[in-house]
Amino acid sequence: MISIKNISKHYKTVEALKNISLEVNEGELFGIIGPDGAGKTTLFRILTSLLLADSGQAAVDGLDVVRDYKELRRRIGYMPGRFSLYQDLTVEENLHFFAAVFNTTIEENYYLIEDIYKQIEPFKTRRAGKLSGGMKQKLALSCALIHKPRVLFLDEPTTGVDPVSRKEFWEMLRKLKTQGITIAVSTPYMDEATLCDRIALMQHGELLTIDTPANIIAAYPKKLYRMEATMKKEEVKTNPKVETCFLFGEYWHLTFKNDIEPTWKLKEIQPTIEDCFVEKMK
Amino acid sequence: MKDITAKNLTKRFGDFTAVDSISFEVERGEIFGFLGANGAGKTTAMRMLCGLSQPTAGEGYVAGFNIDTEAEKVKAHIGYMSQKFSLYEDLRVWENVRLFAGIYGVRKDLIKPKTEETLAKIDLTAERNTLVKEIPLGWKQKLSFSIATFHNPNIVFLDEPTGGVDPLTRRRFWDMIQEAAEGGMTVFVTTHYMDEAEYCNRVSIMVDGKIEALDTPRNLRKQFAAENMDAVFHQLARKATRIEN
């Protein structure tokens with residue numbers, strides 16, 4: 001559904017994307033996970049025909065992002081990271097506007113946005129600029145969906161959103177997936193990775209890995225242990241047996257060069273995506 | 001010694017009570033985590049504590065000064081680091097330090113040596129002449145923190161300081177926070193990363209303008225029979241009835 005071949009892009013001295021290739025299947029919920037500056041937004045802008053790559057090819061739903069951009073734009077929905085609806089239009093006016101631009105009506109595809117839109121419908125006469133962050137997000141998603149796109153691009157929809165609202169947003173995405181829409185979503189939150197069918201871990205314009213979350217976790221190269229973080233930091237860090245140690249909340253996550261430290265109370269654990277990301281960053 | 005005291009601190013906007021009579025104290029050198037869902041009232045409460053917004057009712061003291069009647073003194077004794085870091089992108093690294101040192105009223109003859117010391121400490125000496133817009137986010141973050149604490153404030157307020165950075169940078173940043181606290185600085189921090197709540201000495205969780213829980217992370221986990229702080233947060237935040245607006 002999305003096909004990217006050897007895409008590169010630079011801005012002045014910064015190489016934003018370095019020879020990226022990846023495929024997203026139809027109906028997949030695909031996550032691009034990486035910190036700010038990884039190149040996520042650049043990639044999304046190229047895929048939505050808003051930016052030209054320096055080299056390489058990309059196609060979405062069989063349409064070349066350069067040659068077929070007009071048809072492409074009809075078939076995709078895009079929710080940029082920065083809120084970009086019309087602040088001076090009301091909730092309802094924004095939705096109506098986007099429906100009209102795509103030659104459709106709110107009624108025609110209402111079933112698609114109903115679950116999301118009904119949460120903000122009580123405020124439909126309020127100007128978009130006066131909405132809270134969570135409501136803006138729901139309106140932006142509704143507007144990106146109103147023309148029933150085949151592929152949805154969501155650029156960091158949950159950045160700065162609290163954990164409970166983030167969970168609710170992902171529940172909405174799972175529901176959309178059942179409608180057959182292919183979804184590409186980027187996020188800096190590692191814990192959201194496990195909610196995707198497949199993910200690409202991204203850093204400094206490069207893909208560190210592409211696979212299902214389960215496979216990435218299974219491919220973690222070492223035994224990982226956790227230990228309660230009661231000991232002094234230096235004592236843990238300077239132990240010669242320790243290879244890596246990172247704090248994860250109230251626990252240390254540790255790997256050892258060879259043998260484990262026998263005096264510590266350790267429990268072998270399954271790595272999280274964040275452990276995998278840190279391991280691949282080295 | 002208490003560095004922050006809030007007594008029934010309240011802020012109303014019209015008939016909407018954004019912050020609803022919150023009371024708490026923060027000790028000198030403590031790392032205090034200030035959590036809550038979007039719209040719970042965190043930012044409003046923080047703005048009052050920084051002397052940027054007048055309370056409707058109740059009172060607050062920060063660094064020994066009344067946040068309502070001595071707001072300017074409060075501002076001089078605290079450091080503040082916002083989510084967006086608020087550095088000047090078109091100024092060089094050292095120029096940003098120089099500018100904020102002046103704004104915070106650091107003595108002129110101290111600025112130069114302290115700037116060198118600061119840049120050396122955060123490994124940015126070689127980048128002193130680089131424009132801030134050209135440095136990576138993680139560097140901006142440590143620069144921003146050093147600038148917020150350049151004038152040796154008693155208290156530093158950090159508003160979601162780790163949003164968007166990679167996992168290693170996030171952990172290194174917490175090392176900086178902990179070092180500052182060990183040096184006696186009081187740290188008041190908001191975050192959406194629940195693992196970071198564990199790095200705080202105590203944590204408060206706001207729901208619908210009120211503080212619904214306040215204790216050490218360990219005690220909160222016990223109190224809510226939760227595996228981690230994420231579970232504690234979910235239990236509390238789900239109770240919210242306020243319609244986001």
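Chain naming here is simple, since letters A, B, ... match the order of the sequence lines and numbering starts at 1 in each. These figures come from a predicted structure and were not determined experimentally. What's counted below: heavy atoms across the whole structure, side chains too, no hydrogens, waters or symmetry copies.
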Checklist outcome for this item: CZ of Arg166(A) to CG of Leu195(A), rounded to nearest 0.5 Å, is 9.5 Å

Next on the checklist: Report, in residue-number order, which members of residues 269-277 of chain A are under 4.5 Å from chain B by heavy-atom distance.
Outcome noted: Glu274(A), Phe277(A)

Next on the checklist: Treating Ser8(A) as the side-chain partner and Asn19(A) as the backbone partner, does any N or O pair qualify as donor plus acceptor under 3.5 Å?
Outcome noted: yes

Checklist entry - What's the shortest heavy-atom distance between Glu156(A) and Lys40(A), and which atoms? => result OE2-NZ, 3.0 Å

Checklist entry - Closest approach of Gly29(B) and Thr186(B), non-hydrogen atoms and distance? => result N-OG1, 3.0 Å

Checklist outcome for this item: When the 4.5 angstrom heavy-atom criterion is applied to Gln203(A) and chain B, the contacting part is side chain

Item to check | Residue Glu134(B) versus chain A: region with a heavy atom under 4.5 Å | outcome: neither

Checklist entry - Taking the six-membered ring of Tyr86(A) as reference, does the NZ or CZ atom of Arg127(A) fall below 6.0 Å from its centre and within a 45° cone about the axis? => result no

Checklist entry - Pick from Ala237(B), Pro217(B), Ala37(B), Ala197(B): which one has the most heavy-atom pairs with chain A under 4.5 Å? => result Ala37(B)

Checklist entry - What's the shortest heavy-atom distance between Ile4(B) and Phe188(B), and which atoms? => result CD1-CD1, 3.7 Å

Checklist entry - Relative to the ring of Trp174(B), is the ring of Tyr199(B) parallel (under 30°), tilted (30 to 60°) or perpendicular (over 60°)? => result perpendicular

Next on the checklist: Quiz question: by atom type and distance under 3.5 Å, do the side chains of Thr56(B) and Thr10(B) form a donor-acceptor pair?
Outcome noted: no

Item to check | Residues in residues 213-237 of chain A that sit under 4.5 Å from chain B, counting heavy atoms only | outcome: Glu228(A), Thr230(A), Lys233(A), Lys237(A)

Next on the checklist: I'd like to know which of Thr13(A), Leu247(A), Thr159(A) tops the heavy-atom pair count under 4.5 Å against chain B.
Outcome noted: Leu247(A)

Item to check | 4.5 Å side-chain heavy-atom contact, Val161(A) and Phe169(A) | outcome: no

Checklist entry - What part of Lys12(A) lies closer than 4.5 angstrom to a heavy atom of chain B: side chain, backbone, both or neither? => result neither

Checklist outcome for this item: Nearest heavy-atom approach of Lys257(A) to Val242(A) is CE-O, 3.5 Å

Next on the checklist: Using heavy-atom distances under 4.5 Å, tell me whether Glu196(B) contacts chain A through its side chain, its backbone, both, or neither.
Outcome noted: neither

Item to check | Under 4.5 Å from a heavy atom of chain B, the part of Glu168(A) involved | outcome: side chain

Next on the checklist: Counting only heavy atoms not in Arg128(B) (residues, nucleotides, ligands), do more than 12 fall under 6.0 Å from its CZ?
Outcome noted: yes

Next on the checklist: Looking at every non-hydrogen atom in both residues, tell me the closest pair between Thr191(B) and Thr162(B) and how far apart they are.
Outcome noted: OG1-OG1, 4.2 Å

Next on the checklist: Under a 3.5 Å distance rule, please check whether Lys138(A) uses its side chain to pair with a backbone N or O of Lys118(A) as donor and acceptor.
Outcome noted: no

Next on the checklist: Looking only at the side chains, is there a donor atom on one of Thr209(A) and Lys280(A) sitting less than 3.5 Å from an acceptor on the other?
Outcome noted: no

Checklist entry - According to the side chain to side chain donor-acceptor pair (under 3.5 Å) rule, which pairs have a member within residues 224-235 of chain B, sequence neighbours left out? => result none

Checklist outcome for this item: Within residues 186-193 of chain A, the residues sitting under 4.5 Å from chain B by heavy atom, in sequence order, are Pro188(A), Tyr189(A), Met190(A)

Checklist entry - Would the Phe100(B) and Phe150(B) ring centres measure less than 6.0 Å apart? => result no

